[in-house]
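Structure first, commentary second.
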Amino acid sequence: MSEYNFFDLSKRTDVEIEKQISEGFKFGEFDSTDHDLFLISRDAPSPDSKDITESVPYMQGVYDFSTLTNGERYFENRTITYEMMLFNQEYSDRKVLESDVKRQLVPLDIQPLYDTHDKSFHWLGKVDGISFDDDEKMRTLKVTITFNVYPFAIGNNSEGSDIWDDVYFPNWIFQDTEFTVNGTQSITLYNIGSRSVKSKIKVNGTIEVSGDFGSFELSNGTYDSTQLVLGVGTNVLTLSRNGTIKFVFYREEMI
């Protein structure tokens with residue numbers, strides 16, 4: 001039989017309560033764990049897909065052109081909803097928190113949303129709505145915050161960083177993303193995410209990069225946008241000339 005540890009909030013200081021809070025989110029300068037807010041529920045349903053279909057008379061089913069370009073599905077933004085509770089606080093303190101939450105969250109534009117549930121990733125979006133339910137008798141305030149975010153979670157660290165705390169063995173690969181080139185060599189980059197991603201490229205010297213996309217030559221500098229797109233799975237490239245090259249790309253996951 002499971003055992004649960006209960007503690008009386010009325011007998012705890014704010015510091016002691018804060019130590020009990022380990023789940024929440026951070027958006028901008030607002031960290032829910034710093035405001036005595038206990039996470040009650042988190043809801044992150046899968047996003048709606050962008051379907052392009054055509055129904056033809058006297059045909060069973062439909063033609064689906066949704067993945068016609070590269071075999072990948074495309075999605076709308078998704079919503080993430082947090083329900084949080086403030087316990088055992090005076091009315092004035094509850095009202096202060098209500099104002100602080102709206103003031104610190106609502107004006108912010110699209111930016112990273114960090115969630116303790118998936119510490120190796122972040123979402124990218126903005127607040128879609130905030131509601132409050134104040135209970136004078138119970139001295140509680142329920143805060144419901146909804147975010148509208150990009151459909152995929154984005155890795156906090158670039159692939160190849162191999163931060164130990166990020167490692168999830170059922171879906172992980174250790175790989176090199178920086179190479180010294182002297183002549184011609186073949187390399188493999190692995191994208192173990194859920195969709196194709198672009199890669200920033202840092203070059204010292206002059207290096208030609210070739211692959212299924214064709215080829216291009218880069219000299220000293222950092223390139224944020226090239227024709228290189230890393231598909232899901234194995235990506236074999238050929239490097240030639242002389243210098244060093246580093247590929248900087250971030251995994252995107254449907255979680």
Side-chain angles (χ1 to χ4, degrees), residues 25-27 42-52 64-82 110-126 147-179 186-203 207 209-216 218 222-239 245-255:
F25 70 86
K26 188 177 187 299
F27 189 69
R42 174 196 289 105
D43 185 35
S46 60
D48 293 331
S49 63
K50 294 183 177 181
D51 293 327
I52 303 173
D64 192 333
F65 304 101
S66 305
T67 61
L68 188 61
T69 54
N70 58 7
E72 293 186 12
R73 296 181 64 184
Y74 293 85
F75 300 91
E76 304 287 352
N77 270 12
R78 67 198 297 178
T79 58
I80 299 179
T81 303
Y82 301 91
I110 295 173
Q111 59 187 281
L113 166 65
Y114 298 95
D115 188 328
T116 56
H117 185 264
D118 301 292
K119 294 183 179 180
S120 299
F121 295 88
H122 65 270
W123 305 97
L124 198 61
K126 61 183 179 181
F147 288 89
N148 181 285
V149 301
Y150 179 71
F152 295 90
I154 304 168
N156 293 332
N157 297 297
S158 61
E159 294 299 282
S161 298
D162 295 334
I163 306 299
W164 186 251
D165 288 344
D166 290 347
V167 175
Y168 175 63
F169 284 108
N171 185 34
W172 190 264
I173 188 168
F174 294 95
Q175 64 175 314
D176 293 323
T177 57
E178 186 170 6
F179 305 90
S186 178
I187 67 166
T188 301
L189 297 175
Y190 299 92
N191 175 9
I192 59 173
S194 303
R195 61 157 307 217
S196 297
V197 295
K198 292 184 177 181
S199 175
K200 178 188 292 186
I201 302 176
K202 297 180 179 181
V203 174
I207 295 180
V209 182
S210 304
D212 293 339
F213 55 85
S215 65
F216 54 82
L218 303 175
T222 298
Y223 299 83
D224 292 323
S225 180
T226 69
Q227 63 212 70
L228 174 62
V229 176
L230 299 175
V232 175
T234 302
N235 296 266
V236 178
L237 305 175
T238 299
L239 308 178
I245 185 170
K246 182 175 183 179
F247 299 88
V248 182
F249 60 100
Y250 296 83
R251 181 160 35 126
E252 296 188 13
E253 291 280 13
M254 179 60 70
I255 57 178

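Worth knowing before you read on, the calculation uses all heavy atoms, side chains too, and leaves out hydrogens, waters and symmetry mates. We're numbering straight along the sequence, starting at 1.
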Backbone of Gly160 reached by a side-chain donor or acceptor of Thr177 within 3.5 Å:
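Looks like no, no N/O pair under 3.5 Å.
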Is it the case that the side chain of Asn157 and the backbone of Ser120 share a donor-acceptor pair, with hydrogens and angles ignored and the cut-off at 3.5 Å?
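Checked: no pair found.
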Within a strict 4.5 Å, meaning less than it, do heavy atoms of the [X] and [Y] side chains meet?
X	Y	value
Ile192	Glu159	yes
Ile52	Tyr74	no
Arg42	Phe25	no
Leu237	Phe213	yes
Val209	Thr226	no
Ile245	Val203	yes
Arg78	Trp123	yes

Please report the shortest heavy-atom distance between [X] and [Y], naming the atom on each side.
X	Y	answer
Val232	Ser196	CG2-N, 3.9 Å
Tyr250	Val197	O-CG1, 3.5 Å
Pro47	Glu76	CB-O, 3.4 Å
Pro112	Phe27	O-CD1, 3.3 Å
Leu189	Asp176	CD2-O, 3.8 Å
Asn156	Lys119	ND2-O, 3.0 Å

Can you tell me if Lys26 has over 12 outside heavy atoms packed within less than 6.0 Å of its NZ?
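Check passes, neighbour count above 12.
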Full working for side chain to side chain contact (heavy atoms under 4.5 Å, CB included) between Tyr190 and Thr234:
CA-CA 5 Å; Tyr190 299 92; Thr234 302; 3.7 Å; yes
Working to the nearest 0.5 angstrom, can you tell me the gap between [X] [atom1] and [Y] [atom2]?
X	Y	atom1	atom2	value
Tyr150	Asn77	OH	CG	9.5 Å
Lys246	Ile201	NZ	CD1	13.0 Å
Ile154	Asp118	CD1	CG	13.0 Å
Phe247	Leu239	CZ	CG	5.0 Å
Leu124	Phe152	CG	CZ	13.5 Å
Arg195	Glu72	CZ	CD	6.0 Å

Verify whether one side chain among Tyr82 and Asp115 offers a donor that lies under 3.5 Å from an acceptor in the other.
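Present: a donor and an acceptor within the cut-off.
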Can you label the angle between the Phe174 ring and the Trp172 ring as parallel, tilted or perpendicular, going by 30° and 60°?
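Geometry flag for Trp172 against Phe174: perpendicular rings.
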Checking side chain to side chain contact (heavy atoms under 4.5 Å, CB included) against Asn235, which of Ile187, Asp212, Asn191 comes through?
Asn191
